[in-house]
Amino acid sequence: MREDTWLGLLRSGQQAHALAALSGFSMQRRAKMLSGMLCVVRRSPQRLLIPSDCWCTSSFVWALSLPCVVQSGIGPCLRTPPNPRAQTSSSCLRLSALRLLPFKLLYFPLSFLGSLGKSLGLWVIPRLGCGFAGPLFPSLCSFVSVQDLKTHQNLPCCSHLSWSSSAYQAWTQEAGPNGTPLPRERLILLGTLTDLSGDLEQECRKGDLYVKDNTGVLNCELIDLDLSWLGRLFLFPSWSYLPPARWSSSGEGHLELLSAPVPVCPSNTSPGPLTPLPVLYPETASRLLRHRGKLRGVQPNLAGKLIRVSALVRSQKKAHFVLSLGGSSPAGSHVSIVVQIPAQLVWHRALWPGRSYVLTALRVVRIRGHCYRVWTTSPSSHLLPLKPECVRELELELDGPLLEADPAPLPMPSSSQDGDKETALVRNSTLLSYTGKVTSVLSQPAGLYEVDGQLALCLAYQQFHSLRKVVRPGVSLELQDVHLLQSVGGGTRRPVLAPCLHGAILLRGFSCQKPETQSFYQAQGASLYEQLVWERQLGLPLYLWATKALEELASKLCPHMLRHHQLLQHSSPGNPSPGLQLLAPVLDVLTPPGSTRRNAHKEILEEPHHCPLQKYTRLQTPCSFPTLTTLKEEGRCRAWAAFDPKTLLPLPEASHLTSSQLNQRVSWSWLSLLPATFHPAQILIGVLAASSHKGCLQLRDKTGSLPCLILATHSQPITDSRFIGCLVRTEKFQLVIERNVRSNFPSYKELNITGFIQKQQARVYIQFFLADALILPVPRPLVHSATSLTQAEPARPEGSHIEQSRLFLLSHKEALMKRNLCLPPGASPEVPKPILSFYVSGSWLGGTQRKEGTAWGPPEPQGDGNKDRKVLLVFRGCSVRWFEFLHPGQVYRLVGPGPPTPLLFEEGGPSCTPHRPLELAGYASCLTVQDDWTLEVENGQDFPAALESSKALPKTPLDDLLSGNFTESLVSFSAEILSRTLCEPFPAPFWTKPDGARASRGCVKLTVAVEAADCQSRPHLDIYIKDPHLPPPLGLLPGARVYFNQLEKKISRSHNIYCCFRPSTYLQVLSFPPETTISAPLPHIFLAELLQGGRAPFQARASCHIVSVFSLQLLWLCAHCTSLCPQGRCTRQGSTCPTQTCISQASIRLLVEDGTAEAVVTCRNHHVATALGLCPSEWTSLLEFVRGPGKVALQFTGPGAQPESSTKVDEPLTLFLRTLCTSFSVLRPVVLSFELEKKPSMVTPLEPARLQRFQCGELTLLTRVNPRIRLSCLSIQEPKHPSSLGAFSLSC
C-alpha cells in the first residue's frame, strides 16, 4: 500500500484499516507516517472506539517508544469510560487514560494506532495468568493514573485483571465472617517501579518502593522484588489501593502489589559475565577480617546463603541494615555485611532468607566506638543471585599476623542479697522464627497486634514505619529471630512476640480485608510511643503497661477535656507531652532516667546477642488510672460491703441500747480509702472545676465528676483561682465515703438482717493536698463547659483587652446556704424561692482600674480620698463557684469584662443594691457579683492592711469561751473533731415545708477538742449543725482539724456550753484525718487535778479506791418503748410494740478517792459487772434473776446506813446485792478510766472546800475536804500490783 493511500484511509475515518496496514511498512517508514499522522490528530483530536481484538499487536508497544510520539506534545484529553449499557455488540474499549504513562506525551489520541499486532498479546497475556480468557482489557475496564487514585479514590479497592469472578469470590472468603473484603474495581494501572519518591537525588533514597507515572508517585509494597524491575514500565495486573484516612490532610495512600508486575517492554537483560566471578565464601571472609596485610586495597566479592537479615535502621544521619551470609551447613560460620549506601537500601526488600546471593566490591571498615571490623558495601557493589556456574572461589594465602580477638564483656559484679533476689526474678526470652497471620490490631500507633488469635505481637522495638500501613487482619508475616516473652505481667496475659533490630519482619502475604475505619484519635501517639522505647528505654513489660495506661488516660480525658493529639504529642523540652508528664513519676521509679541508650550496631552485630528484649522481669502492675465514675462506684461498693452495724456497735454496748439508740448510732458512718488499699494502686487524674450549682470544687473527666476538698498545704486553703481548668494528678489522696442509713432495727439481735434498712445513701468525695499533686495547664479553648469549669471570658480580638477591676481585702465570709434575697424592681411577683448564695464583707483598696495592654492601669481617684470603704459582696447564681477560693485576710481583684461601665463597682452602679440596714452595719455599699465576673488573688505583701489582718486567724480566748459571759455570743476557735453523730433535733423534731407537708428536721452533733496554746489539756465542746446548713460541708470528719468562725455560743439547762451554726458562720478545714489512727493512752492523774475547772483534762485515768456504793439499779426494758418488762412482757398500755424484745440496763454510783480528792463515779451497763467483780457467767445469771421482777433498785444513803430497796428487803436477791455491795470484792483498789460527767466550763463557780470531821479510832480529825467530782466510767481495771495506788490512798 502506498503512503498517500494510507493517509486517505486515515482522513476518511477508516482508522481500523489504517492501523492494520501500518504493520506492512518498514521501521523508518512507520516513523515518518506516524509523524504525519500526529499532525492530523493535532488538528482534530478525537476519541476512537477500537475493537478489542485489534489491541494485541506489537505496534502498540513499539509506538510508545518512538521519539516522534514522545516529542509530539499532544495535550491531555481525559475521557470517561462509556456507559457499558450503550456499547455495541462488538466489545470495544474507549482508551481515555494513557496520559498516565511516564513520558512527556500525556495523552495518546488513538487515531494514529493501526491494527495492533499479536506480539503484545504474546508477551503480556501469559504473564497475566493462564486462566485469563477473553480480550486483554475487558470493555468495563478503564485506565487510572496515580493522581486519579490520590484525588478521587477515597475508598479502599482492588483490581485483578486476570481473575475471574469465581477466583475473586474465593479470594474474598479469606476475610472470614468478621472481615469486609476489598471491593473490586476494573482499573488498569501502568507505571514504573522505582525507589525514588520523586525527582530526588541518589542520597535521598531510604529503601522504600514507589509506583511512578507522569502524574505522581505512590508508595507501594511488593512481597518479592526483583532488582532488575527498578526503573522499568510495568502493567500491574493485581493490586490493592488503601487511601489515607479521611481526617488526614497530609497523609498518602499506598499500593499493595499482589502479584508480579508485567513489563510492557521485553527485558533487555545483559548476559552474564563471560568469565566466572571470583568470590569469597563466608568462612574465608570471616578469617580474612582477622588478618592485617590481606585487607589493604582488597574489594572482594562475597557469596553465600542468606542466613538472616536485620531490620532497616533509620537515623538522622543515614540508614543501614545488616545481612548475614553463611555456608551450606547450618553449623558453619557466617559473616555479616553492613549495607548503608542509599541506592542499595532497596536490597532489603529483595533479600529472601534461604536463598543464595553474591555481593560484589565489598570493603572492610571499623565501626566507630567498637573494636571489631565488618564487611560493608561500596557504591559500586551489586547484589546478584548466586549461580554456581558463574562463580569461582578466590584462593588467598592467610599466613600472616592475626588481629587481637574481640574482648569479651566483663560480667557485672553483684554480691548483695538484693542483687541475688533480683537475678532470680529475671527471665530470659526465647529467640525463634515464627510465621503467622495477623488476626487483630490492638494498637496501631503503639505497634501492637494479635497473631493467630493467641499471641501478641509488638513491633515497637523496630522502626516499622512502612509496615504500619500494611499490617492489618489477614496479613501474613514471617518473623526472623523474634523474641518470645511469656508472663510479662502488667495486665498482659498472653505471650508476646517482639522482634528487635537483630531480627527481621518479612511480608509473606497481603490481606484481602478492608482496613478498619480508624478515627483520628486512634491514630495519634505514634511518635510518643517511639519516644517511650527509644528515649525512655522502657522494657517490654513496662512498655505494654504504659500503652494501656495511655489508653486509660485517653478514655478519661479525650476529647472533652483534652484533644488526643495534645495528650499523645511528642515530648520536647519546650513542649512537653501531657501523656508523658502524667506517666513520668511512675516511669522514673521503675526505670530511672540515664539508662544506656540502644546501639543499633552493637545490638545487631555483637555475639552473644544483647538487646532490651533478651532479659525481662515480670511486672507487677504499678498503678492504674481509673475514671472518676469508676472510682466513685468502687468506693461506694466497698463502703457498703464494709458496712456492718455490729462493727459500729460493739456487742457489750449494743446489747443494752434501745431501738431508737441503735438506729441513731448506725445512721451515719464513714470510710476512708487510700490509694494503697486498691490493687493496683489508684492514681487520681481529672480537670479541676468549680461547680456553679453546689459551690464546691470538683474533679472532672469524660465520665463524670467527683467533689473534692483541697488544701494548698497543711493549714493553708487554696486561694488561686487560676488552678480552675488545670489537669490535676495526685497519688496521695483520701477517698471519703459518708454513709447515711435510715433503719428500724428492733434490737441488737437483728443487726445482721439487712431487711431492716429502709434507705441508704452515700456521699463520695476526695480530699488531698495541692502540694502533693502535679498541676498541668490545659489550653483554655479546649476546656469544655466554660460556664461550669472556668467561666472563660468570651473570645476577643488579639490585643483588645477591655476589662476593669477593683481590689478588695476580704475580712469575713459567711456560710454557703440557701437564702431569701431581695428581688430587683420589676421582677416577677411570684414568691421567690431560696437560692444558694453567700456573703463576703471586706474593704476596697483603691479605686477602679482599667486594663492597659497586659497590665492594669492606675486606680481612679476617689472622692473621699484614700480611705478604705467597707463593702458587702453578694455571690449568687453561677458566682457561687468562687466560694472555695475566698478566705479572710486575702486580697482579691474583682474583674468585670466588657466595655468600661461608669460606676461598675461604685454605689449607685448597675450591680449595686441599695440596702438601708447596711448603713447601720457600717457598709458603704452592697454589690452583687455578676456571673461573668472573675476573681484573681493578689499578693498580700504589697498591702499593709492585708498584712495586719492575715497574721493569724481570730480566736476567742479559752476563758471567754468556757465562761457564762454573753457579751461575745459569737466565738471562734480551732478544734479537732472527736466524733460526729446524728441526734434528735431541738426544739421541734418536725418542720413544715412550703407545700404544707411535714419533714423531719436533721441535726448533726460534732464533739470537738478545742485547741488552746496556754492549756495542756483540750476541753471538749459540742457543736450542732441544723437546717439550712445540712448537709454539712465536706471534710467534717473525726480526726480532722477545723477552724470555726462566728459560732453561736449557748448554755444548756444543765449548764453545759455548746455551739450552733449561724448564717454568718465560716469554717476552714486545716488538716485531714490521719491516714493511720493511733490511740494515745489517757493521761494518768490525781483526782485533785480535776478541780482546775476548764483546764482539767476531759478524759483521764486514776488509781483510786472504791469507798462505798451509793446506788445500784438493774432493770429490763422494752427495746421499742423503754417500758418495764417484768417476766419479759412490755407493760405499756394502749398500743402494741412492733417487737417484744427486752433489753437489760444497769447503773451503779460509786464513791472513790485516791487520797487527794473524792469523786462520784457513774458506771452503766456492762461496766457495772466489772465494778461488782462478777465474771460474765455470773453477770448473766444475775440479770436472769432480775428478769422476773423487771427491776431491782438499791439506795445506800451513806456508810453504815440501811439500804433502801424497791423490793422487799428480805428477798434473797436484795440480800445478795446488799451483801455484795458492802463486801471487799467491790470496795477495792482499781484503776479507773473516766471522763467528766459535765464538759468543763466556768458557767457555775466551783464549790468551796468544806470542813469535815473524821473519827479514826479514838482520834477525831477535822480537815478541809474538796467538793466531790462527778465522773462517768469508761473502764475499770484491776491494778497490776496491790500497792500501785495513788498517793495517800489508805483510808481510815
Side-chain angles (χ1 to χ4, degrees), residues 122-123 126-127 130 193 195 209 222-232 234 259-263 265-289 291 294-295 297-310 321-339 341 343-364 374-399 478 480 504 506 508:
L122 296 176
W123 172 254
R127 287 156 180 79
C130 58
L193 273 180
D195 59 341
L209 201 59
L222 185 61
I223 293 180
D224 193 5
L225 173 66
D226 189 339
L227 295 178
S228 63
W229 295 348
L230 297 178
R232 297 178 57 189
F234 286 97
S259 62
V262 178
C265 302
S267 175
N268 296 324
T269 307
S270 59
L274 299 179
T275 60
L277 191 67
V279 297
L280 293 177
Y281 288 101
E283 184 177 356
T284 306
S286 178
R287 286 188 297 155
L288 186 60
L289 291 175
H291 283 263
K294 302 295 182 180
L295 300 177
V298 178
Q299 285 192 343
N301 309 316
L302 264 65
K305 182 180 180 181
L306 183 64
I307 302 300
R308 71 170 64 94
V309 59
S310 73
F321 69 93
V322 179
L323 59 93
S324 298
L325 296 180
S328 57
S329 173
S333 61
H334 64 274
V335 62
S336 299
I337 305 168
V338 179
V339 180
I341 305 299
Q344 300 168 0
L345 297 178
V346 74
W347 294 1
H348 193 270
R349 298 175 175 272
L351 294 170
W352 196 287
R355 297 180 181 176
S356 299
Y357 298 93
V358 176
L359 282 83
T360 64
L362 301 183
R363 54 194 178 92
V364 177
V374 294
W375 291 100
T376 183
T377 59
S378 63
S380 60
S381 298
H382 293 86
L383 176 66
L384 306 173
L386 176 59
K387 298 179 180 179
E389 65 275 8
C390 298
V391 298
R392 63 178 179 85
E393 184 175 2
L394 180 63
E395 297 182 0
L396 295 176
E397 296 182 1
L398 302 179
D399 298 334
E478 180 181 350
Q480 292 283 338
L506 305 176
R508 291 295 178 255

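The distance from the CG atom of L209 to the CH2 atom of W229 is 10.0 Å, given to the nearest 0.5 Å. Remark: L302 CG to L386 CG distance equals 11.5 Å, nearest 0.5 Å. L227 CG to H382 NE2: the interatomic distance, rounded to the nearest 0.5 Å, is 10.0 Å. Note: L359 CG to S381 OG = 7.0 Å, rounded to the nearest 0.5 Å. Rounding to the nearest 0.5 Å places CG of L193 at 7.0 Å from CG of L225. Note that the CG atom of L325 and the OG atom of S333 stand 11.0 Å from one another [nearest 0.5 Å].
In terms of heavy-atom proximity, P263 sits nearest to R232 at CB-NH2, 3.2 Å. Minimum heavy-atom separation, W375 to A285: NE1-O, 3.2 Å. The two atoms that bring P282 and G327 nearest to each other are CG-N, 3.9 Å, heavy atoms only. Taking every heavy atom of both residues into account, R508 and P353 meet most closely at NH2-CD, 3.9 Å. Taking each heavy atom of A303 and V358 in turn, the nearest pair found is CB-CG2, 3.9 Å.
Side-chain contact between L383 and L351 is present, with at least one heavy-atom pair separated by less than 4.5 Å. The closest side-chain heavy-atom distance from I223 to W352 is below 4.5 Å. Residues Y357 and L323 form no side-chain contact, since every pair of their non-hydrogen atoms from C-beta on lies 4.5 Å or further apart. Looking at Q480 and V309, their side chains never come closer than 4.5 Å, going by heavy atoms from C-beta outward.
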key: Derivation of the side-chain contact (heavy atoms from CB on, under 4.5 Å) call for V322 and V339   = CA-CA 6 Å; V322 179; V339 180; over 6 Å; no
request  = Decide side-chain contact (heavy atoms from CB on, under 4.5 Å) for W347 and I341; before the verdict, give the C-alpha distance in whole Å, the side-chain angles of both, and the deciding distance to 0.1 Å.
outcome  = CA-CA 10 Å; W347 294 1; I341 305 299; over 6 Å; no
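Proximity of a side-chain donor or acceptor of H334 to a complementary backbone N or O of L306 within less than 3.5 Å is not detected. Remark: the backbone N or O of S378 is paired with a side-chain donor or acceptor of Q344 at under 3.5 angstrom. Formation of a donor-acceptor pair under 3.5 Å by the T376 side chain with backbone atoms of V338 is found in this model.
Residue pairs meeting the salt bridge (charged side-chain N to carboxylate O under 4.0 Å, His left out) criterion with at least one partner in residues 343-359, sequence neighbours excluded, are D208-R349, E221-R349, D224-R355.
S324 is linked by a side chain to side chain donor-acceptor pair (under 3.5 Å) to S336, counting only residues two or more places apart in sequence or in another chain. Partners of R363 by salt bridge (charged side-chain N to carboxylate O under 4.0 Å, His left out), not counting sequence neighbours: none found.
Each of L289, V374, L288 was scored for a side-chain contact (heavy atoms from CB on, under 4.5 Å) with V364, with one residue passing: L289.
The number of heavy atoms from other shown groups lying within 6.0 Å of CD (E283) does not exceed 12.
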